[in-house]
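In what follows, chains carry the letters A, B, and so on, assigned in the order in which the sequence lines appear, proteins first and then strands, with residues in each chain numbered from 1. Values reported hereafter were calculated over all heavy atoms of this structure, with side chains retained and with hydrogens, waters and symmetry mates removed.
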Amino acid sequence: MDLLYKIFLDPFVQMGMAPDLLVQTLWEGLVSGVLYALIALGFVLIFKASGVFNFAQGIMVVFAALTLVGLNEHGVPAWLALIATLGVMFVLAVAVERLILRPLVNQPDIILFMATFGLTSFLIGLGEFVFGGEPKTMIADALLLPRGAIELKILGGFVSLQKIDIAAAIIASILVAGLAVFFQRTRIGRALRAVADSHKAALSVGISLEQIWVVVWFAAGIVALATGIMWGARSNVSFALEIVALKALPVLVLGGFTSVPGAIVGGVIIGVGEKLGEFYWGPLLGGGIESWLAYVIALVFLLFRPQGLFGEKIIERV
Amino acid sequence: MLYREAGQYKTSYAADAAVFPILQDRIGIAVILALAFVVVPLAVGDFWITTLLIPVLVYALAVIGLNLLTGYAGQISLGTGAFMGVGAYACYKLTTIFPDVNIVVLILVSGFASAAVGTLFGLPSLRIKGFYLAVATLAAQFFLSWCFVRVPWLYNYNVSGAIEVPTRTMLGIPVTGPNATPVTRYLVALTIVVAMTWVASNLIRGRIGRMWMAVRDMDIAAELIGIRLLRTKLIAFAVSSFYCGVAGAMMVFLWFGAAEAESFSIALSFSILFMVIIGGLGSLIGSYYGAILLWGLPFLLRVLPAQFGVPIRAATVEHVQFMIVGALIILFLAIEPGGLARLWQIGKQKLRVWPFPF
C-alpha cells in the first residue's frame, strides 16, 4: 500500500501543494524539450529528403558550435565567425553529398546509416584535432544573446525563467516557421517535398537529386548551428552533447520520422515527461532516471502506435 | 592453381555437409589453429597478447553475437554493450556466491543471465522493426547502465562501485585475477571463442539459422511458410545476448581485471556494431576480420609512431585515429558494402580461377 501511495498519490499531492515548483519543472522540461526538438528537426529534414537516418546530426551540432567558438578564439569577430561557420557547414554539406551519398546511392538503409556513423567518428576527430577537446564557453554576449533571469510571481511563489531559454524558444519557433515557409512556398521547397515522396518520380520531372541533397544537408547544418549556439549558451560547448543528442531518437519515435510538427511536439513531450518523472518519481528509484526515462516512454509508446504521433502509417504488402 | 576444388569428390552425406568442404580450407584452418594454440603462446610476448590478441578474441565473440542477431536474423540492436555488462556482472555475482565452481563454467553460465535479459528487451521486436527497434534497444542500453550504477548489490556494495576480479584457479593454475599469466588467460579465451564459433557455425547452418535468415529476408513470407516469428526473433535475441554476455564476462575476467559501469557504455555498443558492418553482415569469418581491423588499426596507429620514435602527442594520435577510422568506414562502405567478408570471397574466387581471368 505504501508503495502504491508513493507512486500514484504522493507526487500529485506534492504538485498540488507547491504549484510554483510544478510550473518551474514544467518550464525546464519545456526548454530541454525545445532543444531535443531542434536536434530531432535536423534528423527529420534529412530523413524526409534523402531517406538517410543521419546519426551524425548530434555531432554536427557540436561541430558547428565548436567551429564558431574556435574561430572566435583565434581572433575572428563574432559576426564574421558566424558567417564563416555557415560557410563551413555548406562545405560539409557538399562534401557529404560528394563523398558519402553519391557513392552509396541505392544501397540499403543500414549501409547509409553506418556511413553516418563514419561521419560522426570523422567529425569528432576533426573537431578535436583542429579546436582541441576541452569544453569551451559559448560567445553568448558577442552574439547579442540575453543573459540573466526573470522572476515571475505566480501561484504564491517564484518561478525563475532564464532569458536565454526564452530566446531559445523564440529562435526555435522562428526556425520552424521559416522552414515551413521554405517547404511550402519556395521552388526548392516544393522540389524537396517531391524528392521526399519519391526519388524516381522527382528525377523524372527534372529535379536534381544532388542539388536537393546539398540543400537539405545545409539546412540541417543551419539547424545544427542554431541548436549548438543555444545549447552552448546554456552549459558549454563540449562533446558531452553527443550523448544528449541521442535523446533526439525517442523524440523521433514519438513524433514520427517524417514529421516536422511531430519533432516539435515529441520533443516537448519527452522534455516535460522526463523532467516531471525525475523530479516527482525519481527519488523512489534512487534518482538519475532521467538517463533512460525518455527511451522507456518512447518504448511504451511504440507498442501502441508504431508509426509515431504524426508519422505516415507503414503499410506492408506481400 | 593451388586453391581449387577440382577433383575433390563428395562421396558421402557427411562430406557434403562438412563445414569446410574444400581440402585447402581444412589445411588452412588447421594451420591457423596450430599457430593460435601452439606458436603464439610460445613465441609472442606478453605485451602483444594482453593488448592485441585477448581484446581481439573478446571483441570477435561479441561481434559474432551481434552478427547472429543483425546479420542473420535482421534485427538491429544498439544494446550490445549493456548485454555484455549483464554477462560480466552476472559472472561476478556467481563467482562471489559459488567461489568453488570452475570459473570457465561460470563464464559460460553467466551468458544465460544475459540471454534472459536480452529476450526481455527483444520483446518489442515483435511489434516494431528497423530504426524504431534500434531506438527500443537503446532503452535497454541506458536502463541497464543505470542499473550497473544504482544497484549496489551487483557490485557487492563496493565503495568504489567497480567490480574487481578475484583470483580463481583451474587445475591449480590461476586463470583469472592479478596472478594469472597472460598466456593462460589467452588460452582460456581462445578455447571458449573457438568452441563458441564452432557452435555458431552449426547453428546458422541448421534449422534455427535458416529460420533466422527467412525472417531477415522477408518476415511476412517467412510467417506464411509456417515459421513462428515470435519464437524465431526471441531465440535470435536470446542466442545473441548469450554470446555477448559470455564476451562481456571474458572481457572483465580475462582482459580488464576490473570494470565499472562506464566500461559497458553506449560507445562499446557502437564499436561492436562498427565491427559487424565493416566485417560483413551475416558472416562469421567477417566477424573476426571486423574485430581485427577495428581493434588492430587504432592500436597500430597508437603503437607504431612510438616504436619508431616519432614524437606525436597522445591526444593528437587519438584525434587522428578517430578521423582515420571514420574515413575508413565510409571508404569501405563505398568500395564494398558487403564488408571484408565479401572482399575475402571475391579474393577466394579469384584464387580459384587463377591464372585465368574467368
Near-ring test Trp292(A)/Phe143(B), centroid separation under 6.0 angstrom:
yes

Evaluation steps, side-chain contact (heavy atoms from CB on, under 4.5 Å), between Leu99(A) and Ile330(B):
CA-CA 8 Å; Leu99(A) 301 175; Ile330(B) 296 171; 5.7 Å; no

With a cut-off of 6.0 Å (strictly less than), are more than 12 heavy atoms of other residues, nucleotides or ligands near CD of Glu262(B)?
no

Has Arg228(B) got more than 12 heavy atoms of other residues, nucleotides or ligands less than 6.0 Å from its CZ?
no

Minimum heavy-atom distance between [X] and [Y], given as atom pair plus value:
X	Y	answer
Phe322(B)	Ser121(A)	O-OG, 3.0 Å
Leu299(A)	Pro124(B)	CD1-CG, 3.6 Å
Phe122(A)	Met323(B)	CD1-O, 3.3 Å

With a 4.5 Å cut-off on heavy-atom pairs, point out which of Leu333(B), Leu273(B), Ile335(B), Ile324(B) contacts chain A the most.
Leu333(B)

Residues in residues 264-271 of chain B that sit under 4.5 Å from chain A, counting heavy atoms only:
Ile266(B), Phe270(B)

What class does the angle between the rings of Tyr295(A) and Phe142(B) fall in, given that below 30° is parallel, 30 to 60° is tilted and above 60° is perpendicular?
parallel

Side chain, backbone, both or neither of Ile76(B) within contact of chain A (heavy atoms, under 4.5 Å):
side chain

Non-hydrogen atoms of chain B under 4.5 Å away: do they reach the side chain of Leu104(A), the backbone, both or neither?
side chain

